[in-house]
Amino acid sequence: MAQDLLNKHWVAEISRVSAVYGTGHILSGEMDKDRDNGEIVAVGDYKEGEYYTVGAFAGDFEAKVIEIVNHPGRTMVRFELTKDCEGYFVHNPETMPNDFLKVYQDIANFYNAEGDRARMYPMYKHDVFTLSSDAFTGDVAVGKTVSYADGGYTVA
C-alpha cells in the first residue's frame, strides 16, 4: 500500500463475498499501474510465489445498489452483483508503518501503487461490495443498476 496525502482515493469494503467462505480463490496480484481499492482487474499469468499479473478488466459486470451507508465524513455505496463476473475486486488492508499522526490514518489516502502486490477477490452473483460514493458516476440511489468500465463505476 502507498499513501497519497494530496489526493483522496476510493475506500472499499468487503461486505459479503463468497470467496471468503471457500467459493473461488482469493489471489494476489502485482499491480500494473496505480490502482485504488475497489477497482476491478483481469487476472493475467502466474508470476511467482502466489502472485499473478493484472491488467485492465473489459468483461461484463452487472450489479444493483442495495444500500447507501453514511459514515462520519464519508458516504458509502453498497452493491450486489446480479450475475457472476470474471473480474477480480482489488482490496488490500489500508495500513502503513507511518500512522502516528491522524492525517496518516485516513483510509482515503491509501492506494495500491504500480508494482505493489494486492489481494484480489473473485466476484460471484449475490456477492456484496461497498465503495465510497466518489467511485461512482451518475445519480446513486437504491435499486439503480451499476456498471463498470475503464476503471470506473457508473450508475444508471
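Owing to the predicted nature of the structure, the values given are computational and were not obtained by experimental measurement.
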What pairs of donor and acceptor atoms, side-chain ones from residues 84-92 against any protein atom, are under 3.5 angstrom apart with sequence neighbours left out?
residue	atom	partner	partner atom	Å
Asp84	OD1	Lys125	N	2.8
His91	NE2	Ala12	O	3.0
Asn92	OD1	Arg119	N	3.2
Asn92	ND2	Arg117	O	3.2

Looking at every heavy atom in both Gly44 and Tyr52, which two are closest together, and how far apart are they? O-CD2, 3.7 Å
Asp36 side chain to Tyr111 backbone, donor-acceptor under 3.5 Å: no
Note, Asn37 side chain near His9 side chain (heavy atom, < 4.5 Å): no
Between Asp45, Val43, Asp32, which is the residue that forms a side-chain contact (heavy atoms from CB on, under 4.5 Å) with Thr53? Asp45
Check against side-chain contact (heavy atoms from CB on, under 4.5 Å), Ser132 and Trp10: CA-CA 6 Å; Ser132 52; Trp10 298 351; 4.0 Å; yes
Out of curiosity, does Val128 fall in the hydrophobic cluster containing Val20 (side-chain heavy atoms, cut-off under 4.5 Å, transitive links)? no
Tell me which donor-acceptor pairs under 3.5 Å the side chains of residues 60-70 have, and how far apart each pair is, sequence neighbours excluded?
residue	atom	partner	partner atom	Å
Glu67	OE1	Arg78	NH1	2.9
Asn70	OD1	Thr75	OG1	3.1

Specify the closest pair of heavy atoms between Glu50 and Ser28, including all atoms of both residues, with the distance to one decimal. OE2-OG, 2.9 Å
Pairs in or reaching into residues 13-35: which pass ring pair (Phe, Tyr, Trp, His ring centres under 6.0 Å), with residues at least two apart or in two chains? none
For Ala19, check side-chain contact (heavy atoms from CB on, under 4.5 Å) against everything at least two apart and list the hits. Val17, Ile26, Pro122
I'd like to know whether Met76 forms a side-chain contact (heavy atoms from CB on, under 4.5 Å) with Leu131, so could you lay out the CA-CA distance, the side-chain angles of the two residues, the decisive distance to 0.1 Å, and finally the verdict. CA-CA 5 Å; Met76 303 289 286; Leu131 280 168; 5.7 Å; no
side-chain hydrogen bond (donor to acceptor under 3.5 Å, both in side chains) pairs touching residues 138-154, sequence neighbours excluded, are none
side-chain contact (heavy atoms from CB on, under 4.5 Å) between Phe79 and Phe136: does it pass, once the steps are laid out? CA-CA 11 Å; Phe79 59 89; Phe136 297 87; 3.9 Å; yes
Single hit among Arg16, Lys83, Glu80 for side chain to side chain donor-acceptor pair (under 3.5 Å) with His126: Glu80
Linking I/L/V/M/F/W/Y whenever their side-chain heavy atoms sit closer than 4.5 Å, directly or via other members, would Val155 and Val77 fall into one cluster? yes
With hydrophobic residues grouped by side-chain heavy-atom distances under 4.5 Å, do Ile14 and Ile107 end up in a single group? no
Go through the structure and list residues passing ring pair (Phe, Tyr, Trp, His ring centres under 6.0 Å) with Tyr121, not counting sequence neighbours. none
Any carboxylate oxygen within less than 4.0 angstrom of a Lys/Arg side-chain nitrogen, looking at Arg74 and Asp106? yes
Quick check on the hydrophobic clustering: are Tyr51 and Leu27 connected, directly or via other members, by side-chain heavy-atom contacts under 4.5 Å? no
Distance in Å, Met31 CE paired with Met120 CE, rounded so as to fall on 0.5 Å steps: 5.5 Å
Under a 3.5 Å distance rule, please check whether Asp34 uses its side chain to pair with a backbone N or O of Glu114 as donor and acceptor. yes
Answer whether the closest heavy-atom distance between the side chains of Glu30 and Asp116 falls below 4.5 Å. no
